Amino acid sequence: MGVHIQNKIRQALGSVKDHASIGKAMIYNHHDGKAFSDIEIAVLRATGHDNSPIGDKYMHEILFLVSNSPGSIPFLAERISRRLCKTRHRLVALKTLSLIHRLLRGGNRCFEQQLRSAHVSGHLQMSTNSFRKCSDPWSSFLRSYAAYLEERVGWAINQAGKLEPVMFNGLEFGCYEEKSVDMVFRKLPKCQAFIDRVLDCSPRDIVPVADSLAQAALVNTLKESFQVYIMLCDGIEILINMFFDLTRPARALACDILKRASRQSKELHDLYETCKRVMENKNLEYPNVHIITMDHVLALEQCSSFMSTSTSTTPPPLSDCLTTLGKESKKEGNGDNGSSSSQFSCTMETKISKVWVVFEEDDGELQVPMAMDIV
């Protein structure tokens, strides 16, 4: 009963703070202009102290105001960053992070690129310093979710509605080329960094996992991880197919990628199984996670080491191979008869025989030479 009353009081105080912040934004309307003031008010309303997900009407309002106010995206990014930096309330922090996530998912490509540029320029910051010293599960989840969004901002939604990594070149962004060595060695590490951030957001340590805000944040995170995992599998397949055509340094890098993929596949499988149990949304289409065993990776690494120790890129002549094999056989034969490493106690010699062997057939006799005789 006491805890329930305290939550009610906190919610009431939070509502008072929201009204005060909105009133302050209206007072300074004349300073920044009505359009910018409306954007700030929409952000405050979307990230209120109430325990409910962000309403679609606030999302539509923000996108509408920004689209009709040129140059307003840096202002929007600054107000979101300010809201996140100043609050010490976990619900407000989580709703602010969720707002960033939904803006990355819900805007058009031009809006998404400008929001990413705002992050590069420092206008959009996802700082959770207010919760840095807290060790409770909720604060840990907030930090992990913020780290995930830091990685997520480096991805874009293409025309097919799928996530793909982008390359930063100043403020210019370009997609990776498909099915190339450059794609494998630059795209796969991006996929693996993305998966690591998803694994950090595991709900197993969050006590109030049934909270609607945490559920909404996890659902969007899981949906995006499904796409990235499929992309990771495609890249791993390409990498394995080209493994023996790579140079020695490239094979070493490939083995590191595969070792990391082996660890991630097991942890991702466990994460999905946990989410299936604790998540209320049962309509998520979880992919089948194929666990990469470390034995397979070590086998490839051994093959790579064998190829690296080879002194010649072309095989020696066949006669040299036979001569070497004969010398080794003689050494084994002349060794200790009681040694377990020697299978034969006598030498083996190959001689060409001149004896003709006659085989009888229905149509006549056929004579063929005996090819060799073992003595």
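Just so it is clear, the values below take in all heavy atoms, side chains as well, and ignore hydrogens, waters and symmetry mates. None of these values were measured; they are calculated from a predicted model.
- Heavy-atom minimum distance, Ser72 versus Leu65: OG-O, 4.5 Å.
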Worksheet item: Between Glu273 and Lys276, is a salt bridge (charged side-chain N to carboxylate O under 4.0 Å, His left out) present by the stated rule, with each step listed?
Response: CA-CA 5 Å; Glu273 291 300 319; Lys276 289 177 183 178; 3.4 Å; yes
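- Aromatic ring pairs are classed by plane angle as parallel below 30°, tilted from 30° to 60° and perpendicular above 60°; the pair Phe75 and Phe36 is parallel.
- Ring centers of Tyr286 and Tyr229: at least 6.0 Å apart, outside the cut-off.
- When the shell of 6.0 Å around CG of Asn288 is examined, it contains 12 or fewer heavy atoms from other residues, nucleotides or ligands.
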Worksheet entry | Check against salt bridge (charged side-chain N to carboxylate O under 4.0 Å, His left out), Arg260 and Asp256 | CA-CA 6 Å; Arg260 188 178 181 184; Asp256 291 338; over 6 Å; no
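- Of the N and O atoms on the side chains of Thr47 and Arg83, at least one donor lies less than 3.5 Å from an acceptor on the other residue.
- Residues Val166 and Arg116 form a side-chain contact, since some pair of their non-hydrogen atoms from C-beta on lies under 4.5 Å apart.
- Hydrophobic clustering keeps Leu258 apart from Ile291 (ILVMFWY residues linked when any side-chain heavy atoms are closer than 4.5 Å, directly or through intermediates).
- A distance of 12.0 Å separates OG in Ser67 from CD1 in Ile62, rounded to the nearest 0.5 Å.
- For the pair Leu99/Met59, a side-chain contact is recorded, criterion being any heavy-atom separation below 4.5 Å from C-beta on.
- Proximity of Tyr145 to Met126: side-chain heavy atoms (C-beta onward) are nowhere separated by under 4.5 Å.
- With a 6.0 Å radius and a threshold of 12 heavy atoms from other residues, nucleotides or ligands, Lys162 has its NZ atom at or below the threshold.
- Among residues two or more places apart in sequence or in another chain, the ring pair (Phe, Tyr, Trp, His ring centres under 6.0 Å) test is passed with Phe64 by none.
- His89 and Thr87 form no side-chain donor-acceptor contact under 3.5 Å, judged by distance and modelled atom types alone.
- Judged by distance alone, the side chains of Thr293 and Asp295 never bring a donor and an acceptor atom under 3.5 Å apart.
- Taken together through direct or relayed side-chain contacts under 4.5 Å among Ile, Leu, Val, Met, Phe, Trp and Tyr, Leu199 and Val278 form part of one hydrophobic cluster.
- In this structure, Trp138 and Phe141 have perpendicular ring planes: the angle between them is above 60°, well past the 30° mark.
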